[in-house]
Amino acid sequence: VKVRVDGATCRGYGNCVLAASDVFELDDDGLVVLLEDDVDGERVKAVERAIYDCPTDSIALERAAGDEAR
Amino acid sequence: VSGAGVVIAGGGLVAARTATALRGRGFAQPIRILAGEQAWPYDRPPLSKELLAEETAAHEIALLDADDAERLEIDVTLGRPVVSASFPERRLLLDGGEQVRFEQLVIATGARPRRIAQLDRLACALTLRDAHEAHALRTRLQRGTRLVVIGAGFIGLEVASAALARGCEVTVVEASSVPMGAVLGAELGRILAEWHTAHGVRLLCGRTVLRASASASGAGALIELSDGVELAADVVLVAVGVQPNVEWLEGSELANPHGVPCDFNGRTALPGVFAAGDVARPLRDGRAASVGHWTPANDMARRVAELLTGGEADAREIDDYFWSDQLGARLQLAGSIAPDAEIVVQAGALEDWSFLASCRSQGRPSAVFAMNRPRDFIKARLEIERTPA
């Protein structure tokens, strides 16, 4: 499952890193960068938690056709 | 009462997040949100930040709109605050007379700004809690406007910051000796005071409002402080903290003027009745924990939704992280800093206004605080999270 982040709306609050530190990181400006842009299994759950915890709604999961619908 | 489902009293972050998390977990019973405000749930942190800086459309801060509600089958009633509750009958009374039955209840009625009696009658004295107030404030903050902020908490300081950027003349009056002293303690508060002063905020600490009167034109105010200093203001912002919206619980089992007693999972003493967000008052080591911020409120909403769908209580501490943006500085705190805490700088330097500090109290780490150090902060926050309580 593809992970997408929106650098334009991210404000660097860091909640995503807490939820999934092997997927998200902050760059030198304190904004989100992806360590992985494709996740599966337990890490999908961690990214879902990051989506829930993001104050600026800057993260999304993009499931390919055939994946379970959101 | 079968079929009454979950009722959420309140229409802010907790309401929106609990409702959507419930549907996300497959909850199939009715969900009803009772919002006191005549507005769909929206996000509050931007009100004292982006919203004061620029024109912001309502949809940019929306948390749940009519389309979401229809898609998720969430029944939303706007502009109808709850006025009383009967827990034995599992029934609420709304403003306007409607009675609402519930099977399970989430108390999320939030808080409202405290007021100062001496300033109550001034037309130019505003508070900042909802989107209407934010728009009213922004309209008044023009180049040259003399703004007096009463209270150097994070709302007061964020407004001071936005007002300075808009060309206002800004004075902040604070009763204690440093800004945000109750949260940061004296040492870190002093660093923050220097930051604001260096940027042109006139910061008057250790003083309170003695009396105030309308200016000759009637549009502004003349404020006299406890030390005799007089301030002429075009706009006054009263930002001296909030009080929980709990009056509707008076006479019930959950009545408490300081907030609804509950645990970190939102559980109250009554089965099937939860509280979360600003109105909730969970205790940590016998002291009220600070959950009146976006992240802990969001976290409590998730925990409540988990319990309402048959999940387990989360045994971890609440994530009481909060951030504030002031004059281009990003402040971040996780945990709580006790007045006797020992502050140890881990990276950067206090006098550079760029540092990560860890705070120890009674021999154990109690908090991490950062100014302009987001990367260092998140690493430290991760470590705290991984340290068993």
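It should be emphasised that the depicted structure is a prediction, and the values quoted were computed from it without experimental measurement. First the proteins, then the strands, lettered A, B, ... as listed; each starts at 1.
Screening B/E133, B/E50, B/E55 against B/R138 for a salt bridge (charged side-chain N to carboxylate O under 4.0 Å, His left out) leaves a single residue, B/E55.
For A/D57, no part lies under 4.5 angstrom from a heavy atom of chain B. For A/E25, the part lying near chain B is the side chain, with the backbone staying farther off; criterion is any non-hydrogen pair under 4.5 Å. Proximity to chain A (any heavy atom under 4.5 Å) is shown, for B/F377, by neither the backbone nor the side chain. With a 4.5 angstrom heavy-atom cutoff, B/N372 does not touch chain A via any of its atoms. At a 4.5 Å heavy-atom cutoff, the contact between B/N298 and chain A is made by backbone and side-chain atoms alike. With a 4.5 angstrom heavy-atom cutoff, A/C54 touches chain B only via backbone atoms.
By the 30° and 60° cut-offs, the orientation of the rings of B/F369 relative to B/F355 is tilted. The aromatic rings of A/Y13 and B/W323 sit parallel to each other, their planes meeting at less than 30°, with 60° as the upper class boundary.
With sequence neighbours excluded, the residues that form a side chain to side chain contact (heavy atoms under 4.5 Å, CB included) with B/E37 are B/A39, B/Y42, B/R44, B/D130. By the side chain to side chain contact (heavy atoms under 4.5 Å, CB included) test, B/S366 is found to be paired with B/C359, B/S361, residues two or more places apart in sequence or in another chain being considered.
For B/A19 against B/I74, the heavy-atom pair with the smallest separation is CB-CD1, 3.6 Å.
Contacts with chain A (heavy atom to heavy atom, under 4.5 Å) involve these residues of residues 327-337 of chain B, listed by number: B/R330, B/Q332.
Taking chain B as the reference chain and counting heavy-atom pairs below 4.5 Å, the highest number among A/V17, A/D27, A/T56, A/L18 is found for A/L18.
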Show the atom names and distances, to 0.1 Å, of all donor-acceptor pairs under 3.5 Å that link a side chain in residues 300-314 of chain B to residues at least two apart or in another chain.
unit_1	atom_1	unit_2	atom_2	d
B/R302	NE	B/D299	OD1	3.3
B/R302	NH2	B/D299	OD1	2.8
B/R302	NH2	B/D314	OD2	3.1
B/R303	NH1	B/R316	O	3.1
B/R303	NH2	B/D299	OD2	3.4
B/R303	NH2	B/R316	O	3.4
B/R303	NH2	B/E317	O	3.1
B/E306	OE1	B/R25	NE	3.2
B/E306	OE1	B/R25	NH2	2.9
B/T309	OG1	B/A305	O	2.8
B/T309	OG1	B/E306	O	3.1
B/D314	OD1	B/R316	N	3.0
B/D314	OD1	B/R316	NE	3.1
B/D314	OD2	B/R316	NH2	2.8

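By the 6.0 Å contact criterion, CG on B/D352 is enclosed, its count of non-hydrogen atoms from other residues, nucleotides or ligands being greater than 12.
One finds a salt bridge joining A/R49 and A/D53 here, because a Lys/Arg side-chain nitrogen approaches an Asp/Glu carboxylate oxygen to under 4.0 Å.
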